[in-house]
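Comments concern the structure below.
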Amino acid sequence: MPITKLRNIGIAAHIDAGKTTLTERILYFTGVNRKIGEVHDGQATMDFMKQEQERGITIAAAAITCHWNDHQINIIDTPGHVDFTIEVERSMRVVDGLIALFSAVEGVEPQSETVWHQADRYKVPRIAFINKMDRTGADYFEVVRQLNDMLDANAVPFQIPIGAEDNFQGVIDLLSRKAYAFTDKERQEIDMPEEYKDAVEQYRMELVEKLVEFDEELMEQYFNEQELSVEKLKEVARKATLNMMLTPVFCGAAYKNKGVQLLLDAVIDYLPSPIDRGAVVGTEPDDDEKTHTRAPSTKEPFAALAFKIINDPYVGQQTFVRIFSGVIKKGDAVVNTTKGKNERIGRILRIHAKERFEIDEAGPGDIVALIGLKYTKTGDTLSDKENRILLEPIHVPTPVIELKILPKSQKDQDKLGEALAKLANEDPSFQVRFDPETEETIIAGMGELHLEIIVDRLKEEFKVDVEVGEPAVAFRETITKEVIAEYKHVKQSGGRGQYAHTIMRLEPNPGQGYEFVDHIKGGVIPNEYIPSVDKGVKKTMEDGVLAGFPVIDVRVVLFDGSYHPVDSSDFAFQTCASIAFKRGFMNADPILLEPVMKIEINTPDDFIGDVISDIQRRRGKITSMRRFRKGSQKLNGFVPLMEMFGYATNLRNISRGRANYAMEFYQYEPLPPEIQAKVLKKLAEKKAAEKK
């Protein structure tokens with residue numbers, strides 16, 4: 001099939017907008033499924049994990065292939081819950097276009113905005129589908145208004161609904177002026193209801209006036225009052241959508257099978273093929289100043305990005321890749337340019353959720369699963385051995401919440417380690433570390449639900465029974481003043497000794513992470529030991545100094561020291577740097593940083609005062625308020641994570657169950673001194689108790 005007839009699309013939205021239901025209808029109408037799976041009865045094709053079926057939510061982005069009107073569509077179904085934002089992030093990196101889904105009742109919700117901005121980051125063209133037109137309170141034009149006011153989407157209706165709520169009967173296509181009604185399996189063209197004719201002309205005029213802005217030839221025809229062909233209008237609309245200057249808006253009720261076929265037509269008409277997206281840009285693996293491009297062509301060298309790993313009990317590890325250029329075949333040898341390791345392609349699978357079909361080769365634009373890769377992780381580049389390229393990796397958010405986890409029996413200890421390693425391999429936003437002092441395993445993730453699912457999977461999939469401690473905030477440590485740190489490491493114990501001497505300057509580096517600067521002159525420390533100093537500092541930063549939390553935002557300048565021609569070694573300089581850094585750190589007025597979350601609350605007007613007071617009591621601040629819909633407000637602000645455990649229950653009580661919220665990590669900020677003193681005291685008491 002020509003690459004121009006390929007569409008790689010994501011479906012993304014706020015939780016409960018109907019993403020998985022819409023995907024099930026697409027699979028039904030494209031002939032992939034003979035019957036429709038439902039989310040509410042746990043039969044959805046795309047939600048095949050037990051945890052997804054129990055909660056009625058999508059957790060893992062699933063890839064699936066279907067066909068419509070001689071085109072191949074690869075769909076990535078993504079979660080809407082903010083705790084699984086890495087799934088959306090990695091999907092955005094590999095799709096070419098997006099269906100942004102909104103509920104006609106709830107409109108633009110907190111997570112809709114997050115998803116929209118993720119699509120902006122990766123410059124993904126999109127169309128909007130306003131779902132649930134059959135629900136009480138559905139308001140198509142209000143949601144279009146919200147798209148423009150809240151997301152600056154330049155959203156323009158390409159359809160208008162016939163009726164709404166219980167009376168939702170079908171849609172009218174504005175460009176063709178055709179009206180459609182829907183049965184369970186068919187769409188039928190019907191006569192346009194008389195009462196809609198004026199509205200259709202009004203909205204069509206607004207759409208045409210918008211489109212002529214994007215094309216001089218069309219504008220000339222318009223001003224000369226010539227007939228504008230539907231084909232030309234579609235062509236211009238496609239170009240504007242691909243350049244992200246326009247968001248075409250469609251509507252329907254996926255659960256009632258209304259509007260889905262027309263949406264599939266729109267995917268083909270307005271969303272890009274890999275050719276439309278053009279060449280991908282990467283760098284030389286050893287020189288990030290030198291760039292390379294790879295066009296979506298079989299003649300170009302092979303380049304692909306690994307975006308997801310699944311451990312399958314039947315076939316082992318599946319590595320999902322998006323191929324940007326070239327062709328791979330079974331048995332091919334490629335190189336992982338991120339790791340500098342060679343890999344061999346065992347098998348190539350095309351995935352249909354749980355089903356898999358083996359294929360012999362895959363080419364530009366394909367999204368496939370590879371079996372047999374040993375070293376490749378999420379965000380790694382695979383490339384042709386002779387023509388190496390390093391593609392932009394996937395942005396991984398920082399974990400903000402931690403849990404202590406213990407196997408219930410000693411025999412489960414090894415099983416737990418293996419299971420956690422597999423889960424961390426699948427999900428880069430989930431991290432595991434072992435605290436040797438307390439001999440505890442700490443898991444860290446994006447939120448309470450994220451870690452709840454991980455614990456659930458340990459029990460269900462890996463059959464490891466675990467005990468879980470209280471959730472804890474993942475603090476960070478940093479310094480607030482500049483200091484000089486010097487240490488001479490000398491050890492003599494018969495035979496070869498250890499000698500290293502470093503003098504370094506520690507500087508605060510707010511928001512810039514860790515930076516190591518080599519200012520050694522005249523070889524007072526030989527070149528081969530400079531990386532050892534860096535390594536020693538990094539290791540100490542990971543383990544923390546003040547209270548065992550990772551250190552961030554510090555600049556270390558190594559400017560003097562000395563060495564011994566016999567007794568100096570890599571190990572000696574690592575040890576020396578570590579001790580120098582620790583001493584300097586404690587003299588640099590160290591502080592704890594806490595994760596601060598961006599929060600968005602939708603609340604009826606009646607409860608605004610109580611909601612704001614409650615956030616202020618939690619050391620939070622509301623920074624803006626705007627009308628959400630009649631009688632409701634959307635509050636935006638910031639609040640420390642440590643004050644937010646159990647907030648969902650509290651908000652429910654305050655608002656009698658009518659308010660909802662979403663939050664995501666914003667940045668680390670200094671902990672107020674009085675709270676820092678309490679936290680440090682509590683940690684010291686806990687350690688003392690554990691030693692007893």
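From a predicted model like this one, the values you see are computed outputs, not experimental measurements.
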Side chain to side chain contact (heavy atoms under 4.5 Å, CB included) involving A306 - partner list, sequence neighbours excluded: T319, V321, T376

Heavy atoms only: give me the nearest A580-A485 pair and the separation to one decimal. O-CB, 3.3 Å

Would you call N509 and Y514 a side-chain contact if the rule is heavy atoms closer than 4.5 Å? no

Could you tell me whether the side chains of Q498 and H564 share a donor-acceptor contact shorter than 3.5 Å? no

Quick one: does E477's side chain have a donor or acceptor within less than 3.5 Å of a partner on G548's backbone? yes

Flag the pair L641 / M663 as yes when at least one side-chain heavy-atom distance between them is below 4.5 Å, and no otherwise. yes

May I have the step-by-step check of side-chain hydrogen bond (donor to acceptor under 3.5 Å, both in side chains) for T338 and Y375, ending in yes or no? CA-CA 10 Å; T338 310; Y375 307 106; over 6 Å; no

Taking atom CD of Q413 and atom OG1 of T441, what is their separation to the nearest 0.5 Å? 5.5 Å

Is T337 reaching over with its side chain to a backbone N or O of P285, donor-acceptor style, under 3.5 angstrom? no

A side-chain contact here means heavy atoms from C-beta on lying under 4.5 Å apart; do T478 and P508 qualify? no

Distance col, row E402:CD vs L451:CG, nearest 0.5 angstrom, shows 9.0 Å

With sequence neighbours excluded, tell me which residues meet ring-ring contact (aromatic ring centres under 6.0 Å, His included) with F638. Y666

Would you list the pairs meeting ring pair (Phe, Tyr, Trp, His ring centres under 6.0 Å) in which at least one residue belongs to residues 400-422, sequence neighbours left out? none

Should S429 and H450 count as side-chain neighbours, where that means a heavy-atom distance under 4.5 Å? yes

Between H292 and N387, do the side chains contain an N or O donor and an N or O acceptor separated by less than 3.5 Å? no

Partners of F559 by side chain to side chain contact (heavy atoms under 4.5 Å, CB included), sequence neighbours excluded? I484, I503, R505, H519

Would you mind reporting whether Y647 and I601 have side-chain heavy atoms less than 4.5 Å apart? yes

Summary of salt bridge (charged side-chain N to carboxylate O under 4.0 Å, His left out) pairs that have at least one residue in residues 375-397, sequence neighbours excluded: K339-D380

Smallest separation among heavy atoms of T293 and A279, with atom names: CB-CB, 4.2 Å

side-chain contact (heavy atoms from CB on, under 4.5 Å) partner of Q318, the single match among L370, V368, I371, I309: I371

Which residues share a side-chain hydrogen bond (donor to acceptor under 3.5 Å, both in side chains) with R277, sequence neighbours left out: none

For D560, which residues count as a side-chain hydrogen bond (donor to acceptor under 3.5 Å, both in side chains) partner, sequence neighbours excluded? none

Lys/Arg-Asp/Glu bridge criterion (N-O < 4.0 Å) met for R619, E669: no

Looking only at heavy atoms, what is the nearest atom pair of P407 and L416, with distance? CD-CD2, 3.7 Å

Counting C-beta onward and ignoring hydrogens, is there a side-chain heavy-atom pair between F462 and L420 closer than 4.5 Å? no

Atom CG of residue position N527 - does it have more than 12 heavy atoms of other residues, nucleotides or ligands inside 6.0 Å? no

Can you see which heavy atom on Y529 is nearest to which on S569, and at what distance? CE2-C, 3.6 Å

Which residues share a ring-ring contact (aromatic ring centres under 6.0 Å, His included) with F324, sequence neighbours left out: none

Side-chain contact test, heavy atoms from C-beta onward, threshold under 4.5 Å: evaluate it for V679 versus E594 and give yes or no. no

Residue pairs fulfilling side-chain hydrogen bond (donor to acceptor under 3.5 Å, both in side chains) with at least one residue in residues 577-592, sequence neighbours excluded: T540-S578

Identify the heavy atoms of V124 and M92 that sit nearest to each other, and give their distance. CG2-O, 3.7 Å

All ring-ring contact (aromatic ring centres under 6.0 Å, His included) counterparts of Y668, not counting sequence neighbours: F665

Taking the side chain as C-beta and beyond, is there a heavy-atom pair between E486 and H501 under 4.5 Å? yes

Restricting to salt bridge (Lys or Arg N to Asp or Glu O under 4.0 Å), what partner residues turn up for E300, sequence neighbours left out? none

Using the ring-ring contact (aromatic ring centres under 6.0 Å, His included) criterion, which residues pair with F307? Sequence neighbours excluded. none

Please test T623 against N636 for side-chain hydrogen bond (donor to acceptor under 3.5 Å, both in side chains), starting from the C-alpha separation and ending with a verdict. CA-CA 6 Å; T623 53; N636 289 79; over 6 Å; no

Does the distance from a Lys or Arg side-chain N to an Asp or Glu carboxylate O, for R618 and E643, drop under 4.0 Å? no

